[in-house]
Engineer: 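Before we start, here is the structure in question, set down as structure tokens.
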Amino acid sequence: MLIGIDVGTTAVKAALFDANGLVLQSFTERYKTLRPSPGHVEQEPEDWMRLVRKALRRFNTIVPNVKAIGFCSQVNTHVFVDMLGNPLLPAITWADGRAAHEAAVLDSVISEDEKLRWWGAPLPIDASHPLARMAHVKRHHAKVWEKTAHVMAPKDYCLFHLTGALAADPMTSFGLIDASLVYVPRLLSLVDGAESRLLPLKSFTEVAGHVRKGLPYAGTPMVTGAMDAWAGMLGAGVAEEGQALYLSGTSEILGLVSNLKAPTPGVIAFPKCEGIVLHAGPTQSGGASVAWACNLLGKNPQQISALAALANPAHTPLFLPHLEGERAPLWDAASRGSFACISSSTGPAEMARAVMEGVAYSARLVFDSLEASACIRPTVIHLSGGGSASDIWCQIRADVLQRPLNRTASRDAGVIGAAMMAGVGAGLFPTLRWAARQCVQYDQLFTPNASDAEHHNKRFAAYKLLYQQLKPLTSALH
């Protein structure tokens, strides 16, 4: 048996798997996200650990021994801890924009040639970049910075508290490493003391430590694990050249696997890792937009989907899902959301459908950039994540992207991917590619309606125009 754990944006998800990838028991429990002031989005690290321990205790009553445990977690969420691993501040999540000033300063002193050499694309330093976060804490919380021994991702924080091991993987550390998967001294020198606060780098599948005595599964090996995008990629069955990924969660994460690289603005072109070259782009508000619509309309996600199915396309407005700015491929933290072309005939059904379409258009914008970066156009896209549970939303995405979407039977791709890494580390699977081929099942193929292609092409063009035309207004209001 294997255990996979995903410390996500809204919940800890975990599952107990057999060696064929079948789930014996699963666990999901949400925790709070705090917004103490504008631009600040935080979580309490102890909430993660409390639920991780709860999941392990529950599994331990069913199966007392497992081969290995794997982790993945949200990326660009950072915990500043002391020598004992105690948090000195609440965790600063990926959606937090407080370090925007420090990010702009850092970005201004890094040349495009350096970015291309390090990262393979002219990727900007944004407010979620770990170096910007360190610069911000050093500037505004000097005493905290002095006490900071390590800056950790959520999975690395949990790994330390379960095993005592200090380890990070190269992909979660992307933005600090170069193509050879090592930290970049020139980059880290921009923030004095940054390098000494980073964790040693280990591969996804390397056993980083063993569960401490007194905890459930004491002595069980734990692998280093990876960021949610890479674990989700594997859990969606994507590991081969030319395959495409669509993970729908709080944000949408899109990816293409290709050894070809054409530097493209806004795309994260990861270096080769575990034999895979991933071109990826995360949006800011995917499922978060639907959650917002639920609060706005007083509905749950299932009711939003039912409403969207009743919408009249002629009265459906255009929605820009930039509720907290936008990430790939625009990387514009100042942008904000908007509804456009509302009429007196627009009702709740049309508003619900507009939100789902707007998120799909944001995904199409990312995919256009990914295809330019990866020099390929995939014929089928593997779809997973909690946001893929809605059939109507899956069909909207297929129509907007004009590509078939093959949905995984399990929505928790990150959990499956984390377990795959544990399986390779424990010697149960020969490679991650083998595990991705053997352990993932699919439940439905959503085929695009050819008759809707022109309709969505026009609306997608209007979506891009809406963003450009709102930029001066957004600047004026902020």
Side-chain angles (χ1 to χ4, degrees), residues 4 6 8 13 15 17 20-21 23 72 171 204 226-259 267-268 270 273-283 286-287 328 359-360 362-364 366-371 373-374 376-391 393-421 429 431-448:
D6 179 2
K13 299 178 182 180
F17 295 90
N20 296 314
V23 176
C72 73
M171 296 299 94
F204 299 158
M227 67 158 77
D228 52 2
W230 274 77
M233 174 189 74
L234 297 168
V238 173
E240 307 287 348
E241 187 75 5
Q243 289 185 322
L245 168 72
Y246 191 144
L247 293 177
S248 178
T250 303
S251 67
E252 311 289 274
I253 300 174
L254 302 312
L256 286 175
V257 176
S258 172
N259 283 307
V267 173
I268 303 172
F270 289 99
C273 185
E274 306 286 344
I276 297 167
V277 177
L278 176 65
H279 304 249
T283 69
V359 171
S362 74
R364 179 168 169 177
V366 176
F367 259 113
D368 284 353
S369 295
L370 291 179
E371 289 172 352
S373 177
I376 58 170
R377 179 177 171 83
T379 56
V380 177
I381 298 169
H382 296 235
L383 173 66
S384 192
S388 68
S390 166
D391 287 358
W393 202 7
C394 291
Q395 188 59 55
I396 287 171
R397 291 179 174 117
D399 294 341
V400 168
L401 294 169
Q402 297 173 24
R403 241 75 59 85
L405 299 179
N406 199 16
R407 184 175 65 184
T408 60
S410 171
R411 310 294 181 250
D412 295 332
V415 175
I416 298 174
M420 288 179 187
M421 294 175 195
F429 307 142
T431 65
L432 290 173
R433 277 199 171 106
W434 185 94
R437 287 194 298 267
Q438 298 297 318
C439 299
V440 180
Q441 299 177 356
Y442 304 89
D443 68 358
Q444 190 167 344
L445 183 70
F446 294 88
T447 304

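Just so it is clear, the values below take in all heavy atoms, side chains as well, and ignore hydrogens, waters and symmetry mates.
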Engineer: Looking at every heavy atom in both Ala413 and Leu247, which two are closest together, and how far apart are they?
Structural biologist: CB-CD2, 4.0 Å

Engineer: Heavy-atom distance under 4.5 Å between the side chains of Glu240 and Val257, does that happen here?
Structural biologist: no

Engineer: Side chains of Ile276 and Phe270: does their closest heavy-atom pair fall under 4.5 Å?
Structural biologist: no

Engineer: If we ignore angles and hydrogens, is there a donor and acceptor under 3.5 Å between the side chains of Gln395 and Asp399?
Structural biologist: yes

Engineer: Would Asp6 and Lys13 pass as an ion pair if we require N to O under 4.0 Å?
Structural biologist: no

Engineer: Does any part of the side chain of Val366, heavy atoms only, come nearer than 4.5 Å to the side chain of Ile253, both counted from C-beta?
Structural biologist: no

Engineer: Do Ser373 side-chain atoms and Leu370 backbone N/O form a donor-acceptor pair below 3.5 Å?
Structural biologist: no

Engineer: Do any N or O atoms from the side chain of Arg397 and from the backbone of Leu383 form a donor-acceptor pair under 3.5 angstrom?
Structural biologist: no

Engineer: Report the distance from atom CG of Leu234 to atom CZ of Phe204, rounding to the nearest 0.5 Å.
Structural biologist: 7.5 Å

Engineer: Do you know the tightest heavy-atom contact between Pro404 and Leu445?
Structural biologist: CB-CD1, 4.0 Å

Engineer: For Asn259, is there any backbone N or O sitting under 3.5 Å from a side-chain donor or acceptor partner on Glu241?
Structural biologist: yes

Engineer: At what distance, to the nearest 0.5 angstrom, does CD1 of Ile416 lie from CZ of Phe17?
Structural biologist: 5.0 Å

Engineer: From Ile268 CD1 over to His279 NE2, what is the distance, rounded to the nearest 0.5 angstrom?
Structural biologist: 12.0 Å

Engineer: If every non-hydrogen atom of Ala360 is compared with every non-hydrogen atom of Val400, which pair is closest and at what distance?
Structural biologist: O-CG1, 3.7 Å

Engineer: Side chains of Gln243 and Met233: closer than 4.5 Å at any heavy-atom pair?
Structural biologist: no

Engineer: Can you see which heavy atom on Ala398 is nearest to which on Pro448, and at what distance?
Structural biologist: O-CB, 3.3 Å

Engineer: Do the rings of Tyr246 and Phe367 sit parallel, tilted or perpendicular, given the 30° and 60° boundaries?
Structural biologist: tilted

Engineer: For residues Gly237 and Tyr442, report the shortest heavy-atom separation together with the two atoms involved.
Structural biologist: CA-OH, 3.5 Å

Engineer: Identify whether the distance between the nearest side-chain nitrogen and carboxylate oxygen of Asp443 and Arg411 falls below 4.0 Å.
Structural biologist: yes

Engineer: Give a yes or no on whether the backbone of Ala236 and the side-chain of Ser384 come within a donor-acceptor separation of less than 3.5 Å.
Structural biologist: no

Engineer: In Å, rounded to the nearest 0.5 Å, how long is the span from CE of Met420 to CZ of Phe429?
Structural biologist: 7.5 Å

Engineer: Indicate the atoms forming the closest heavy-atom contact of Ala15 with Val23, along with that distance.
Structural biologist: CB-CG1, 4.2 Å

Engineer: Start with the C-alpha distance between Glu371 and Leu256, add both sets of side-chain angles, then the distance that settles side chain to side chain contact (heavy atoms under 4.5 Å, CB included), and finish with yes or no.
Structural biologist: CA-CA 8 Å; Glu371 289 172 352; Leu256 286 175; 3.9 Å; yes

Engineer: Report the distance from atom CD of Glu274 to atom CH2 of Trp230, rounding to the nearest 0.5 Å.
Structural biologist: 7.5 Å

Engineer: Indicate yes or no for a side-chain donor-acceptor contact from Arg403 to the backbone of Leu401 under 3.5 Å, with no hydrogens or angles considered.
Structural biologist: yes

